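All remarks here apply to the structure that follows.
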Amino acid sequence: MEQIVRDFLEMVKIGAASGDERKIADYMKSHLEALGCEVFEDDAGAKVGGNAGNVFAYFPGEIEGCLLLSAHMDRVSNGYEIRPSIVDGEIVSDGTTILAADDVSGLAVILDAVRRIKAGGKRHVTLEIVLSICEENGILGARLMDLSRLRSQMGYIMDTTGPLGQLDIKRPYKAMIDVEVLGKRAHGGSPEKGINAIAATCQMLTGIREGRLDFESTSNIGVIHGGPKEPGTVCDRVLVRCEARSVQQEKLMNYLRYFENYCREHIKGTGAELRFQYEIQHGNVCFCEDDEVVKLAAEELKQMGVEPQLSLTMEGCDGNIFCAHGIPCISVGMGNSNAHALNEKVNVEQLIRSGELTERLILSYSQKRELREM
């Protein structure tokens, strides 16, 4: 069995979640140090009440320049007591838990790539490895990083649900919207003395445009809280939490303005008060086939006999944060499918070849950097 597969099987058996990455962090730190990396862990975990921070590792090279490789250490809930097996060339769980290929695949691929580079003995740039916490919790680990410590000029994110060959070159901006509807409390036996915030909220949201907005923009009204435990009191406060995404910043800002204006207009006549605020949580990823970070990956895939699939995904990842900081990076498919589900799986051959692809990316980028120096 290939070492990358053994690493994967070992790590999925280590329980983890957002805020509980300690054991995975220790596993990765010890293995990276054994390969000759300089390893550092930040204090982001303490800021979110977690037990581990973001992990940074540097595998020194002889060629000037630095290439970023990144994955996240957390997973969604139900990521404990995973019992993996290999069935018909695919790694699966026993069906009672997720597999955690998102993102154990990325962690295993990065270890394999460093191992390959070390064994190959070829000249290369320095590898900057960034392993985040709480990615599944709003990309929180990357958002809390001290990004000024990053040295890379370009990078690849090992965090895509898709086959080998898929390159996610477009990801959206994301905004979180918080709406508070304030009514007036009264006894349920005298409802005319109150202002029902639930009724006002229903009137406010009826007919609002949400869901799929266009091919690169979405909106989701995901959370509504309000009312006492029993219906004997007129509800005086409702909280609505929504998110909106778009690859294009202008589209996102236009939608935020529309959302607020719609709510303010349609709450009129209810007597309720509206409080509206939003936060842009992260920027976008937006590249084309001629950009260096895309072209390099596409060329190496073709050399491997794999046709590149340039993809738009409406999910955010750590790469959104790094791109906003000025480090061009895209996400690379590793043979994963059905992320976050009980039937999640990863193709063994594609996982192994993802390690080869990452080695190729490192060496190709290194060669190009070396040529620039001449």
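Everything numeric here is computed off the predicted structure, so don't read it as measured data. Heavy-atom basis, side chains included; hydrogens, waters and symmetry copies ignored.
In this structure, Glu2 places its CD atom where only 12 or fewer heavy-atom neighbours from other residues, nucleotides or ligands lie under 6.0 Å away. Counting non-hydrogen atoms of neighbouring residues, nucleotides and ligands closer than 6.0 angstrom, the NZ atom of Lys29 exceeds 12 such neighbours. Under a cut-off of 6.0 angstrom, the local environment of CG in Asp88 is sparse, with at most 12 non-hydrogen atoms contributed by other residues, nucleotides or ligands. The local environment of CD in Glu349 is sparse, with at most 12 non-hydrogen atoms from other residues, nucleotides or ligands closer than 6.0 Å. For CD of Glu289, the number of neighbouring non-hydrogen atoms (other residues, nucleotides, ligands) closer than 6.0 Å is 12 at most. Within 6.0 Å of the CZ atom in Phe276, the count of heavy atoms belonging to other residues, nucleotides or ligands exceeds 12. Annotation: Glu192, atom CD; neighbour count of heavy atoms from other residues, nucleotides and ligands within 6.0 Å is above 12. Atom CD of Glu10 sits in a crowded spot, with more than 12 heavy atoms from other residues, nucleotides or ligands closer than 6.0 Å.
A salt bridge links Arg143 to Glu279: at least one charged side-chain nitrogen sits closer than 4.0 Å to a carboxylate oxygen. Checked for salt-bridge contact, Arg360 and Glu356 meet the test: a charged N lies under 4.0 Å from a carboxylate O. Under a 4.0 Å N-O distance rule, the pair Glu307/Lys302 does not qualify as a salt bridge. The pair Glu64-Arg369 fails the salt-bridge criterion, with no side-chain N (NZ, NE, NH1 or NH2) lying under 4.0 Å from an Asp/Glu carboxylate O. Checked for salt-bridge contact, Glu216 and Lys251 meet the test: a charged N lies under 4.0 Å from a carboxylate O. Between Asp112 and Arg115 there is a salt bridge, since a side-chain N of the basic residue sits under 4.0 Å from a carboxylate O of the acidic one. Salt-bridge check for Glu260 with Arg264: passed, with a basic side-chain N closer than 4.0 Å to an acidic carboxylate O. Salt bridge Glu273/Arg275: present, at least one basic N to carboxylate O contact under 4.0 Å. Ion pair Glu62/Arg123 not flagged as a salt bridge, since none of the NZ, NE, NH1 or NH2 atoms sits closer than 4.0 Å to an Asp/Glu carboxylate oxygen. Ion pairing of Lys184 with Asp236 is absent here, as no side-chain N (NZ or NE/NH1/NH2) approaches a carboxylate O to less than 4.0 Å.
Closest non-hydrogen pair, Met314 versus Pro172, comes out as O-CG, 3.4 Å. Across all non-hydrogen atoms, the minimal contact from Ser217 to Ser246 is OG-OG, 2.8 Å. Of all non-hydrogen atoms in Ile321 and Gln281, the two that sit nearest each other are CD1-O, 4.4 Å.
Under the 4.5 Å side-chain contact rule for hydrophobic residues, Met154 and Leu361 share a cluster. Hydrophobic clustering places Val247 together with Phe215 (ILVMFWY residues linked when any side-chain heavy atoms are closer than 4.5 Å, directly or through intermediates). Each of Val346 and Val92 belongs to its own hydrophobic cluster when Ile, Leu, Val, Met, Phe, Trp and Tyr are linked at side-chain heavy-atom distances under 4.5 angstrom. Following chains of ILVMFWY side-chain contacts shorter than 4.5 Å, one cannot reach Met145 starting from Ile24, and the two form parts of different hydrophobic clusters. Residues Met11 and Ile98 are members of one and the same hydrophobic cluster, defined by side-chain heavy-atom contacts under 4.5 angstrom among Ile, Leu, Val, Met, Phe, Trp and Tyr.
Rounding to the nearest 0.5 angstrom, the gap separating the OH atom in Tyr80 from the CD1 atom in Ile82 is 10.0 Å. Within the model, atoms CD1 of Ile157 and CD of Glu135 stand 10.0 Å from one another, a figure rounded to the nearest 0.5 Å. In this structure, Asn78 CG and Leu342 CG are separated by 6.0 Å, a value rounded to the nearest 0.5 Å. To the nearest 0.5 Å, the span separating CD1 on Ile133 from NZ on Lys47 amounts to 9.5 Å. In this structure, CD in Gln249 is found 11.5 Å from SG in Cys286, a value given to the nearest 0.5 Å. Here Leu131 contributes atom CG and Phe56 contributes atom CZ; the two are 9.0 Å apart, rounded to the nearest 0.5 Å.
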**Report entry** Evaluation steps, side chain to side chain donor-acceptor pair (under 3.5 Å), between Ser331 and Asp168
**Finding:** CA-CA 5 Å; Ser331 306; Asp168 289 340; 4.9 Å; no

Report task. Would you please test Glu136 and Ser18 for side chain to side chain donor-acceptor pair (under 3.5 Å) and show each step? Result -> CA-CA 7 Å; Glu136 300 288 4; Ser18 297; over 6 Å; no

Requested in this report: Run the numbers on Thr270 and Gln203 for side chain to side chain donor-acceptor pair (under 3.5 Å), then give the verdict.
Outcome: CA-CA 8 Å; Thr270 66; Gln203 175 175 314; 5.5 Å; no

**Report entry** Worked check of side chain to side chain donor-acceptor pair (under 3.5 Å) between Gln3 and Arg6
**Finding:** CA-CA 5 Å; Gln3 183 61 50; Arg6 287 198 292 268; 2.8 Å; yes

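With Asp20 contributing its side chain and Ala17 its backbone, the two residues share no donor-acceptor pair below 3.5 Å. For His325 (side chain) and Ile327 (main-chain N/O), no donor-acceptor pair under 3.5 Å exists by modelled atom type. Between the Glu359 side chain and the Ile117 main chain, no donor and acceptor come within less than 3.5 Å of each other. Between the Asp291 side chain and the Val294 main chain, no donor and acceptor come within less than 3.5 Å of each other. At distances below 3.5 Å, not a single donor-acceptor pair connects side-chain atoms of Asp42 with backbone N or O atoms of Asp146. Checked by atom type and distance alone, the side chain of Ser311 never pairs as donor or acceptor with a backbone atom of Leu167 at under 3.5 Å. Side-chain N or O atoms of Glu344 include one that pairs as donor or acceptor with a backbone N or O of Leu99 at under 3.5 Å. Using modelled atom types, no side-chain atom of Gln166 and backbone atom of Thr160 make a donor-acceptor pair closer than 3.5 Å.
Side-chain contact check for Tyr262 versus Arg209: every heavy-atom pair is 4.5 Å or farther apart. Contact of the Lys170 side chain with the Asn284 side chain is not registered, since no non-hydrogen atoms from C-beta on lie closer than 4.5 Å. Looking only at side-chain heavy atoms (C-beta outward), Met73 and Val55 come within less than 4.5 Å of each other. You'll find the side chain of Val130 reaches within 4.5 Å of the side chain of Leu68, heavy atoms only. Inter-residue side-chain proximity for Met304 and Arg353 is flagged as met; some heavy-atom pair is nearer than 4.5 Å. Considering only heavy atoms from C-beta on, Phe8 comes within 4.5 Å of Leu351 through its side chain.
When the options Leu111, Val109, Leu9 are evaluated for a side-chain contact (heavy atoms from CB on, under 4.5 Å) with Ile4, the one that passes is Val109. If you run side-chain contact (heavy atoms from CB on, under 4.5 Å) between Ile362 and each of Leu357, Val114, Leu127, only Leu127 comes through.
For the 3.5 Å distance criterion, the side chains of Asp318 and His72 fail to qualify, holding no donor opposite an acceptor. Neither side chain, Tyr58 nor Glu38, offers a donor N or O lying under 3.5 Å from an acceptor on the other. Side chains of Ser105 and Asn336: a donor-acceptor N/O pair is present below 3.5 angstrom, by distance only.
No cation-pi contact links Arg245 to Tyr173, judged by a cut-off of 6.0 Å to the six-membered ring centre and 45° from its axis.
The six-membered or imidazole ring of Phe59 lies near that of His124, with a centre-to-centre distance under 6.0 Å.
With sequence neighbours excluded, the residues satisfying side chain to side chain donor-acceptor pair (under 3.5 Å) with Arg22 are Asp26, Glu41.
The aromatic rings of Tyr258 and Tyr255 lie tilted to each other, with the angle between the two planes from 30° to 60°.
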